[in-house]
Colleague: 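Handing you a structure now.
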Amino acid sequence: MKYTVVSPCSDSVDAQLAKMERKVAAGAEYFQTQAVFAPEKFIKFMEQAKQFGKPVQVGIIIPKSAGMAKFMNNNVAGIHVPDEMLEELKADKEKTKAGITGVEIAARIIKECKPYCQGVHIMALGWESKIPDLLKLAEI
């Protein structure tokens, strides 16, 4: 099975859709997204991407801290953690340190995105122990 990536939350949705179309023409059978932190952007993208008829797995990262989120915003192409999520990660340091806030955020994103995708790729980045709680909260 041939898979490839797409960045649905990048600044240029049209450019991502054009890349997706070229990848489908080249034989891509399914797509995995860059980490999604803006479900509304993902949903808008998927409404247009469904024209290609290929399954898409939404990429999910459990955000560990506001610092991690800022790092991704500054250094990882196609990822943008919204300011309100940064504030949520800053709000309760003990809850965030324990991973609870990140798991809650990731679960919300999954719940919002799952009607629009054909799978979820969880990138736990060392927090594999959080996955059972994440799946429970996301109702998977």
Colleague: Do Phe37 and Met72 make a side-chain contact, defined as non-hydrogen atoms from C-beta onward lying under 4.5 Å apart?
Modeller: yes
Colleague: Sub-3.5 Å donor-acceptor pair from the side chain of Gln34 to the main-chain atoms of Ala77, do we have one?
Modeller: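 At least one qualifying donor-acceptor pair exists.
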Colleague: For the atom pair CE (Met85) and NE2 (His80), what is the distance rounded to the nearest 0.5 Å?
Modeller: 9.5 Å
Colleague: Below 4.5 Å, heavy atoms only, C-beta onward: do Ile60 and Met123 meet side chain to side chain?
Modeller: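 With C-beta onward as the side chain, the pair stays apart.
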Colleague: So does Ala138 get a backbone contact from the side chain of Lys114, meaning a donor-acceptor N/O pair under 3.5 Å?
Modeller: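 Yes, the answer is positive, given that a donor and an acceptor are paired below the 3.5 Å cut-off.
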Colleague: Before you tell me yes or no, could you show the steps for Val103 and Thr101 under side-chain contact (heavy atoms from CB on, under 4.5 Å), namely the whole-Å CA-CA distance, both residues' side-chain angles and the distance that decides it to 0.1 Å?
Modeller: CA-CA 5 Å; Val103 168; Thr101 303; over 6 Å; no
Colleague: Going from NE2 on His121 to OH on Tyr3, what distance comes out if it is rounded to the nearest 0.5 angstrom?
Modeller: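 Output value for this atom pair is 8.0 Å.
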Colleague: Do the non-hydrogen side-chain atoms of Val36 and Cys113 ever get within less than 4.5 Å of each other?
Modeller: yes
Colleague: Is there a path of hydrophobic side-chain contacts, each under 4.5 Å between heavy atoms of I/L/V/M/F/W/Y residues, joining Val76 to Phe31?
Modeller: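 Yes, same cluster.
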Colleague: Has the side chain of Thr33 got a donor or acceptor atom that lies under 3.5 Å from a matching backbone atom of Ser7?
Modeller: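 Judged by distance alone, no pair lies under 3.5 Å.
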Colleague: Would you say NZ of Lys44 has more than 12 non-hydrogen atoms from neighbouring residues, nucleotides or ligands within 6.0 angstrom?
Modeller: no
Colleague: Is Pro8 close to Val13 at the side-chain level, that is, under 4.5 Å between some pair of heavy atoms?
Modeller: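 Side-chain contact under 4.5 Å: no.
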Colleague: Kindly check if the number of other-residue, nucleotide or ligand heavy atoms within 6.0 Å of NZ (Lys64) is above 12?
Modeller: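 Yes, because the 6.0 Å sphere around NZ of Lys64 holds more than 12 heavy atoms from other groups.
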Colleague: With a 4.5 Å limit on heavy-atom distance, are the side chains of Leu17 and Val6 in contact?
Modeller: no
Colleague: Taking all heavy atoms of Cys117 and all of Gly119, pick out the closest pair and write down the distance.
Modeller: SG-O, 3.3 Å
Colleague: As an exercise, state the distance from CD of Glu128 to CD1 of Ile131, rounded to the nearest 0.5 Å.
Modeller: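 Here the rounded value is 5.5 Å.
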Colleague: Going by heavy atoms in the side chains, are Leu125 and Met68 under 4.5 Å from each other?
Modeller: yes
Colleague: Can we say Glu21 and Lys54 salt-bridge, meaning some charged N sits less than 4.0 Å from an Asp/Glu carboxylate O?
Modeller: no
Colleague: Please report the closest heavy-atom contact between Lys130 and Gly99, naming both atoms and the distance.
Modeller: CE-CA, 4.0 Å
Colleague: So, the side chain of Gln51 versus the backbone of Gln48: is there a donor-acceptor pair under 3.5 Å, distance only?
Modeller: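 Yes, the answer is positive, given that a donor and an acceptor are paired below the 3.5 Å cut-off.
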Colleague: Test your reading of the model: is there a side-chain donor-acceptor pair from Gln118 to the backbone of Val56, 3.5 Å cut-off?
Modeller: yes
Colleague: Are any of the side-chain heavy atoms of Leu89 and Ser65 separated by less than 4.5 Å?
Modeller: no
Colleague: Hey, does Lys19 have a side-chain heavy atom less than 4.5 Å from the side chain of Arg22?
Modeller: yes
Colleague: Grouping I, L, V, M, F, W and Y whenever their side-chain heavy atoms are under 4.5 Å apart, do Val5 and Val58 come out in a common cluster?
Modeller: no
Colleague: What distance separates Ile140 CD1 from Leu134 CG, expressed to the nearest 0.5 Å?
Modeller: 7.0 Å
Colleague: Measure the CD1-CG distance between Ile110 and Leu137 for me, rounded to the nearest 0.5 Å.
Modeller: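 Rounded to the nearest 0.5 Å, the CD1-CG separation comes to 9.5 Å.
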Colleague: Between OH of Tyr116 and NZ of Lys50, what distance do you get to the nearest 0.5 Å?
Modeller: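 With rounding to 0.5 Å, OH (Tyr116) is 9.0 Å from NZ (Lys50).
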Colleague: Please report the C-alpha distance between Glu139 and Lys111 in whole Å, then the side-chain angles of each, then the deciding distance to 0.1 Å, and finally whether the salt bridge (charged side-chain N to carboxylate O under 4.0 Å, His left out) criterion is met.
Modeller: CA-CA 7 Å; Glu139 300 173 1; Lys111 284 174 83 171; 3.3 Å; yes
Colleague: Flag yes if Trp127 and Ile100 sit in one hydrophobic cluster, no otherwise; membership is Ile, Leu, Val, Met, Phe, Trp, Tyr, and two members link when side-chain heavy atoms are under 4.5 Å apart.
Modeller: no
